[in-house]
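Quick note on labels: first sequence line is chain A, next is B, and so on, each numbered from 1. Everything numeric here is computed off the predicted structure, so don't read it as measured data.
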Amino acid sequence: MLKQYRTRLNEKHPLIHCITNYVTVNDVANILLASGASPVMADEPKEVAEITAASAGLTLNLGTLNQTSLTAMLVAGKKANQLGHPIVFDPVALGASTLRTQATKQILQQLQLTVIRGNSSEIRALISGAGQVKGVDAVPADQITPQNQFQFVTAAKRFCRQHQVILVITGETDLIVSANRVATINNGTAMMANITGAGCMLTALLTAYMAVAQDNGFMAAVAAVCHMGLAGQKAEQKRLHYSAGNASFRNYLIDAIGQLNGANLDQEAIYEIDEN
Amino acid sequence: MLKQYRTRLNEKHPLIHCITNYVTVNDVANILLASGASPVMADEPKEVAEITAASAGLTLNLGTLNQTSLTAMLVAGKKANQLGHPIVFDPVALGASTLRTQATKQILQQLQLTVIRGNSSEIRALISGAGQVKGVDAVPADQITPQNQFQFVTAAKRFCRQHQVILVITGETDLIVSANRVATINNGTAMMANITGAGCMLTALLTAYMAVAQDNGFMAAVAAVCHMGLAGQKAEQKRLHYSAGNASFRNYLIDAIGQLNGANLDQEAIYEIDEN
Amino acid sequence: MLKQYRTRLNEKHPLIHCITNYVTVNDVANILLASGASPVMADEPKEVAEITAASAGLTLNLGTLNQTSLTAMLVAGKKANQLGHPIVFDPVALGASTLRTQATKQILQQLQLTVIRGNSSEIRALISGAGQVKGVDAVPADQITPQNQFQFVTAAKRFCRQHQVILVITGETDLIVSANRVATINNGTAMMANITGAGCMLTALLTAYMAVAQDNGFMAAVAAVCHMGLAGQKAEQKRLHYSAGNASFRNYLIDAIGQLNGANLDQEAIYEIDEN
């Protein structure tokens with residue numbers, strides 16, 4: 001099931017245009033290369049339409065947002081929509097500033113997004129304005145628990161219907177929500193939270209998978225999240241073996257993205273899908 | 001003595017707002033995470049006051065200064081002062097351009113800084129305008145020696161009194177100077193000079209320590225500098241063990257920041273403090 | 001032959017001013033440090049002339065070009081020309097946007113460049129406007145083959161004569177072309193294409209070598225390209241030994257730049273030079 005998407009990445013090498021933050025951009029580029037995709041980073045409003053036109057997918061990441069990069073995101077996004085390219089949006093630290101709230105509003109109003117990925121605080125802020133964002137990490141109060149999951153998923157599905165988008169909510173358990181489906185994914189490692197950029201990297205990887213999703217964006221998103229989670233587990237084993245820390249883990253994680261093939265995904269991914 | 005600061009970092013996870021350069025920003029984020037702190041990078045003037053308000057400390061780093069980021073530094077700095085958050089300032093390559101000299105003047109005039117960290121050239125330029133800055137590294141003529149140390153420290157103490165600030169001067173021996181105390185620290189490794197960002201990383205780490213310093217900023221600064229120096233030694237041992245080079249050393253250094261606990265600091269730190 | 005340039009890097013520690021992209025800038029800084037050179041990154045138009053004046057060479061890289069950084073490149077370039085400092089230009093993704101074509105035109109018209117480095121697509125776009133650039137990587141149709149090499153080299157030599165510049169074209173085989181010489185270099189590894197920044201790093205390394213080239217820029221360029229290629233081979237051996245991936249390879253590559261000395265270059269470099 002998941003194998004085909006992974007395999008297609010290595011065959012098609014989709015070019016992914018990233019308008020992303022300068023903190024984790026190098027890791028984002030290297031994880032795309034590891035996956036079989038090819039990265040191009042460009043954020044000058046004057047050229048982004050041309051760069052997007054030559055690409056197969058667009059990543060928009062609010063990490064180190066500024067007014068110029070917001071303009072670039074809107075210009076590139078409109079071109080991507082016009083050409084039918086997938087757009088994956090990462091509302092980093094949404095709720096932490098008025099600028100991020102307003103930027104997200106503009107992006108949602110002017111662009112048709114394919115996937116939005118965030119942690120539970122960011123996605124709560126997105127759906128309801130109720131997230132208590134503290135910097136770039138989810139706060140405990142926003143975590144999804146067995147108690148609040150039904151309510152959260154119901155609101156998420158409504159958002160997906162309104163915006164014709166897939167939501168990817170990452171955390172201890174990852175959720176992928178569409179208008180009528182929910183995938184619950186249990187790969188990954190707590191170590192992900194001890195490096196910068198795990199979220200940004202997954203957002204870019206999701207874009208690559210969307211570029212080869214053909215008619216099934218939801219399953220391509222499942223494949224991307226499982227790919228990332230399994231790579232995290234593999235990297236964590238290596239980190240423990242070498243008694244290493246978070247910087248080494250980051251390298252092992254990117255390495256593992258390249259080393260996991262489609263068969264690994266099908267055999268090792270732990271996920272469930274609820275229809276309707 | 002030093003243990004409490006290290007321990008508190010892991011308990012409180014202070015959020016550190018960094019307005020820093022795009023060269024070493026990823027390492028800065030990962031070293032903060034390794035230490036137990038949490039990073040948030042944002043430099044758009046429109047949002048930095050909100051980001052700072054939600055944080056526990058502010059890093060200002062001149063590395064790849066531009067006019068917009070200078071504005072952001074002043075806006076964020078005023079908010080931090082208003083809220084009583086510590087500010088750690090890194091005058092990278094001070095003396096290398098008129099812009100950096102003027103920016104530093106504005107920062108000193110408009111903001112109450114908590115700590116300033118630089119190499120001996122940068123701190124000489126700061127105190128007296130006499131540093132011969134060549135790029136981002138200290139020049140031999142500016143190094144602190146047994147012959148010139150008394151004079152240098154006297155001038156540094158005067159600066160600390162005038163500006164109510166702590167100076168951290170890094171080099172073969174690290175000095176921490178306040179109005180009436182001098183700490184001399186002899187951890188570290190020469191390998192630090194062979195990677196980019198050792199200074200920037202320490203500046204961010206100092207901010208994290210200041211955010212949990214409670215009533216003793218001077219000792220928290222000693223703890224931060226010892227933490228970095230001991231991590232450097234540990235990383236250098238690992239580098240030699242694997243016959244590796246500077247890029248691997250950088251990873252081992254960040255790893256080691258996470259692996260050193262408070263007990264290690266108390267047992268292994270080599271420092272002396274002279275009062276008055 | 002090549003040894004002297006490598007040795008001189010370690011003796012002179014030339015300061016290299018880089019106006020480069022934010023994707024690979026950290027790797028660029030660390031590879032310069034590994035080589036013995038010293039990096040300084042600054043792109044604010046107000047200060048770049050001063051930074052260049054204090055440096056020994058200038059790297060201009062179009063990676064994440066914007067209008068401000070283009071201004072900075074022209075200002076810094078004019079100062080470098082005035083002082084006789086070498087300039088190495090990397091027209092990243094030339095042909096992918098009108099902005100990049102226009103920027104390259106302005107740079108060629110206003111500055112005397114020393115070396116231009118690119119992949120075969122970028123250099124074809126530079127010489128003839130015929131490159132089919134897809135993102136930042138060369139497309140198969142632009143590759144240099146035994147069949148098209150004569151024609152390509154003839155056009156490249158003409159360009160070198162017109163612009164008094166050396167061209168470095170990297171790929172499976174690397175070519176260095178001047179008005180009357182061609183070096184063919186067969187070091188390196190295919191793994192280079194699986195990380196971001198191999199090109200950017202070589203461009204910066206070429207600048208460092210140009211800064212110590214004395215009267216023979218062509219041979220200094222040969223030395224730089226051989227240094228990079230041999231480091232790639234060494235890194236690839238280590239990667240295979242550890243069953244690692246592209247992120248680890250990147251670290252090993254930078255490590256290896258520091259570990260290769262002049263004698264290694266003379267003994268292990270595989271190249272041929274055709275005069276006339």
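Of all the heavy atoms in A:Thr64 and B:Met41, the pair that sits closest is CG2-O, 3.7 Å. Taking all atoms of both residues into account, the shortest heavy-atom contact from A:Leu65 to B:Glu47 is O-OE2, 4.3 Å. Residues B:Leu33 and A:Ala193 come closest through the heavy atom pair CD2-O, 3.8 Å. In this structure, B:Glu50 and A:Ala96 approach most closely via the heavy-atom pair CB-O, 3.8 Å.
The backbone N or O of A:Asn246 lies less than 3.5 Å from no partner atom in the side chain of B:Asn30, so there is not a single donor-acceptor pair.
Distance check: A:Ser69 OG to B:Glu44 CD gives 8.0 Å after rounding to the nearest 0.5 Å.
Applying the side-chain hydrogen bond (donor to acceptor under 3.5 Å, both in side chains) test to pairs two or more places apart or on separate chains, those with a residue in residues 73-84 of chain B are B:Lys78-B:Gln110.
In terms of non-hydrogen atom pairs under 4.5 Å with chain A, the most contact-rich of B:Ile16, B:Val48, B:Asp43 is B:Asp43. Ranked by heavy-atom pairs under 4.5 Å with chain B, the list A:Asn251, A:Thr98, A:Thr24 is led by A:Thr98.
Of residues 252-260 of chain A, not one residue has a non-hydrogen atom less than 4.5 Å from any non-hydrogen atom of chain B. For residues 234-243 of chain B, heavy-atom neighbours of chain A at less than 4.5 Å comprise B:Lys238, B:Tyr242, sorted by residue number.
With sequence neighbours excluded, the residues forming a ring pair (Phe, Tyr, Trp, His ring centres under 6.0 Å) with A:Phe159 are A:His163, listed by chain and number.
Residue A:Asn21 does not touch chain B at all, counting heavy-atom pairs closer than 4.5 Å. With a 4.5 Å cut-off on non-hydrogen atoms, B:Thr20 touches chain A through its backbone but not through its side chain.
Within a 6.0 Å radius of CD in A:Glu172, other residues, nucleotides and ligands contribute 12 heavy atoms or fewer.
With no hydrogens or angles considered, a side-chain donor-acceptor pair links A:Asp27 and B:Asn26 at under 3.5 Å.
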